[in-house]
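Data block below; observations after.
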Amino acid sequence: MSAGNAEAVRKYTAEVGEEDVGKLVKLYGWVHEVRDHGGLVFVVLRDREGFIQITLPKKKVSPDAFKTAKKVHRESVVEVVGVVKAEPKAPGGYEVIPEKFIVLNEAEAPLPLDVAEKVPAELDTRLDHRFLDLRKPRVQAIFRIRHCILQSVRSFLCEEGFIEVNTPKIVSTATEGGTELFPISYFEKEAFLNQSPQLYKQVLMASGLERVFEIGPIFRAEEHNTVRHLNEAVSIDIEASFTDHEGVMDVLERLVVKVYEDVNEKCGRYLEWMNVKLEVPELPFERLSYEEAIDMAGRKGEEIPWGEDISTPALKIIAEEMPEFYFIVDWPTKSKPFYAMPYEERPEVCKSFDLMKGYLELASGAQRIHVYDLLIRRLEECGMSPKDFEFYLEAFRYGMPPHAGWGLGADRLLMAVLGLKNIREGVLFPRDRNRLVP
RNA sequence: GCCCGGGUGGUGUAGCCCGGCCUAUCAUGCGGGCCUGUCGAGCCCGCGACUCGGGUUCAAAUCCCGACCCGGGCGCCA
C-alpha cells in the first residue's frame, strides 16, 4: 500500500521481537488508546495478534506524524511504518518510533461501546455492535477457538472415514413433526427451513456412502428464550452404516476428546486471552441409563414419571453428581423420535442416547430403524402419515443397511468447552426470539 | 409463551420504597487547555440521559396501566 517503504516488512504486532530491533517494520491495525503527554504521545496499536506501543516523541518524529497521532480517534485504522526499539518501559518490551503514521480510515466518536473495556457493556449492546465487540481480544479468542474446534471435528471425522456432505436447508412441508418450522415462500410452493438433516443423512445410508457427516445450520421456530437455545444453530451431524448406537457413541466421545486436545495444542494463547484452562476429559464417558437418571433426580425431590422427558431442574440435580461429560442412554421409545430403534426384547426402551456436559445437552443420537415395516408402524404410532415421507421411506425399500448417527450442537459444544454462560457469546450474529439484526 | 426483576448521557451506573432543593450522581467517553515515559497516565474547564404511549397529581425519573426490549428462572425444544 505504501510504495515508498519497499524495505519495511509487514508484521503483526505480536511478531515484533529482538530480530527487528533497529529495523523498519510496517504495521496495520486499530488505535486502541492514545496517551497524550503533550510533547510525547503513546499510541497503542492493536491488530488481530496483539498490541504494540507506537511512541512519538515530538522532537524525533515528523511534525506530520506527530500531529496525526495527537488527534486520531480511538479505533481508527492506521498504517505505521517505523523503527523498532527495545524499550523496557514499553509494554511488551518493544516500541515503534514511526517514520509514517497514516490514518487509513478515521473512526467516528464516540464509539457505541468501549473496545478497551474500561467500561463494561451488556451482551445486548455488544451484539448490537458485534463488529466492535469482536475487536476485544477476549471476544475474538472465542471465535478463533470455534474455528479450531470446527477444523478439529472435520479432520477427525475425515480420518474416521466420514465423507462430508451438504443437504438442503429448504425443504417441503412434511418432515418429522414435533418442532416448529419456519415457513418460507418458495415460488408457488410452500416450503420450510430445515430443522435437521436427519432424514437426508439417513437416505444417504441407502446410497452406499456408508459414513457421512455434515456441519450446517438448523432452524427451529420455537419460542424458547434461554441462554442455551437459538432459532438458528450449527449442527454437526453424522450417520454411519453397519454399526449401532454403541458404535457412534464411541465416535462421539473420541471426537470430544480430540477437540479438547486440539484446542489445548493449537489455541493456548487464545485460552490465555480468555483466562480458561482446559482439562482433557477421560475416556470412556460414563453411561447413565434413563432410569438411573430419573432415580437420581427423584431421590432429591424432582420426580419424573417414567416415559417423560427429564426436566431442567432434574438435569441440574443430576449435574451436581455428574458435572463432566456423560451419556444418558436407553430412553423410553415414546420420548424419542419415530426413527429410533427400540430394543428387541424391551421395545418400550430404545437404542438412543444424549451426550451431556453437566445439565447441558450437547448431542443426541440413536441406532435408527432400518426395517421398512417397523418404520411405518412407528411413524403411524407417532401420529404421522407415511405418505408425507415418501422420498425418505423409498430409501428403505431397496437395500437400506443398519445404521446409527447423532447430531451435536456446535454452538453448545463451544459453550461447554469454554464454559460460556450464554450460547450467544459463541455465535457471531445470533438469531433468537427477538434478535434478527445484525 | 409463563413467573420474577429491570429499562437513566455513546457506554456502565446512582437516584425510584418515602413524588417537590433532580437545573439528575459517579465513572468512562467526547470537545478544549497544561504536560517528554505513559502502560486504567495525571490535572483543569466544558458537553451529553430519565424506552415509548396513556393515566393519577398542583407537581412524575420516582406512583398506576399497556406496549416494546433486557436479565434470571421455567416451559417448549423429534
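In what follows, every chain begins at residue 1, and chains take the letters A, B, ... in the order their sequences are listed.
Here A/F219 and A/F182 keep their ring centres 6.0 angstrom or further from each other.
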Only pairs under 3.5 Å count here: list side-chain donor-acceptor contacts from residues 374-381 of chain A, not counting sequence neighbours, and write none if there are none.
{"residue": "A/R378", "atom": "NH1", "partner": "A/E381", "partner atom": "OE1", "Å": "2.8"}

Under 3.5 Å, which donor-acceptor pairs do the side chains of residues 392-417 of chain A form with other protein atoms, sequence neighbours left out?
{"residue": "A/Y392", "atom": "OH", "partner": "A/Q202", "partner atom": "OE1", "Å": "2.8"}
{"residue": "A/Y392", "atom": "OH", "partner": "A/Q202", "partner atom": "NE2", "Å": "3.4"}
{"residue": "A/R397", "atom": "NH1", "partner": "A/Y372", "partner atom": "OH", "Å": "3.0"}
{"residue": "A/R397", "atom": "NH1", "partner": "A/E390", "partner atom": "OE2", "Å": "3.4"}
{"residue": "A/R397", "atom": "NH2", "partner": "A/E390", "partner atom": "OE2", "Å": "2.8"}
{"residue": "A/H403", "atom": "ND1", "partner": "A/P401", "partner atom": "O", "Å": "2.9"}
{"residue": "A/H403", "atom": "NE2", "partner": "A/Q202", "partner atom": "NE2", "Å": "2.9"}
{"residue": "A/W406", "atom": "NE1", "partner": "A/V248", "partner atom": "O", "Å": "2.8"}
{"residue": "A/D411", "atom": "OD1", "partner": "A/R146", "partner atom": "NH1", "Å": "2.8"}
{"residue": "A/D411", "atom": "OD1", "partner": "A/R146", "partner atom": "NH2", "Å": "3.0"}
{"residue": "A/D411", "atom": "OD2", "partner": "A/V234", "partner atom": "N", "Å": "2.8"}
{"residue": "A/R412", "atom": "NE", "partner": "A/R228", "partner atom": "O", "Å": "2.9"}
{"residue": "A/R412", "atom": "NH1", "partner": "A/E361", "partner atom": "O", "Å": "2.8"}
{"residue": "A/R412", "atom": "NH2", "partner": "A/R228", "partner atom": "O", "Å": "2.8"}

Anything under 3.5 Å between a protein N or O and an N or O of nucleotides 9-14 of chain B, put it in a table, one pair a line.
{"residue": "B/rG10", "atom": "O2'", "partner": "A/L111", "partner atom": "O", "Å": "3.0"}
{"residue": "B/rG10", "atom": "O2'", "partner": "A/P112", "partner atom": "O", "Å": "3.4"}
{"residue": "B/rU11", "atom": "O2'", "partner": "A/P120", "partner atom": "O", "Å": "3.0"}
{"residue": "B/rG12", "atom": "OP1", "partner": "A/E122", "partner atom": "N", "Å": "3.0"}
{"residue": "B/rG12", "atom": "OP1", "partner": "A/T125", "partner atom": "OG1", "Å": "2.7"}
{"residue": "B/rG12", "atom": "O4'", "partner": "A/P120", "partner atom": "O", "Å": "3.0"}

Polar atom pairs (N or O), protein with nucleotides 31-34 of chain B, under 3.5 Å:
{"residue": "B/rG31", "atom": "OP1", "partner": "A/H73", "partner atom": "NE2", "Å": "2.9"}

Kindly give the atom pairs (protein nitrogen or oxygen, nucleotide nitrogen or oxygen) under 3.5 Å for nucleotides 4-6 of chain B.
none

Tabulate atom names and distances for all N/O pairs under 3.5 angstrom spanning the protein and nucleotides 45-52 of chain B.
none

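Side-chain polar atoms of A/Q53 and A/T55 form a donor-acceptor pair below 3.5 angstrom.
Applying the ring pair (Phe, Tyr, Trp, His ring centres under 6.0 Å) rule to A/H229 yields the partners A/H224; only residues at least two apart in sequence or on another chain are considered. Under the ring pair (Phe, Tyr, Trp, His ring centres under 6.0 Å) criterion, A/W331 pairs with A/Y290, sequence neighbours left out. Residues passing the side-chain hydrogen bond (donor to acceptor under 3.5 Å, both in side chains) test with A/D237 are A/K201, A/S235, sequence neighbours excluded. Partners of A/R431 under the salt bridge (charged side-chain N to carboxylate O under 4.0 Å, His left out) rule, at least two apart in sequence or in another chain, do not exist in this structure.
At a non-hydrogen distance threshold of 4.0 Å, A/S311, A/T312, A/P313, A/K316 from residues 298-316 of chain A come into contact with RNA chain B. Within residues 352-374 of chain A, no residue is approached by RNA chain B to less than 4.0 Å at the level of any non-hydrogen atom.
Across all strands, A/E87 comes closer than 4.0 Å to base atoms (heavy-atom distances). Looking at heavy-atom distances under 4.0 Å, A/K336 makes contact with sugar-phosphate atoms alone, never a base.
Taking 4.0 angstrom as the limit, A/N434 places a side-chain polar atom (N or O) nearer than this to OP1 or OP2 of B/rC70.
Under the 6.0 Å distance and 45° angle rule, A/K351 counts as a cation-pi partner of A/Y343.
With hydrogens and angles ignored, no donor-acceptor pair closer than 3.5 Å exists between the side chain of A/H224 and the base of B/rC76. A donor and an acceptor atom sit less than 3.5 Å apart, one in the side chain of A/E95 and one in the base of B/rG37.
B/rA61 and B/rC77 are spaced 46 Å apart, taking the P atom of each and rounding to whole Å.
Of the candidate nucleotides B/rC70, B/rU36, B/rC39, B/rU36 has the atom nearest to the side chain of A/L40.
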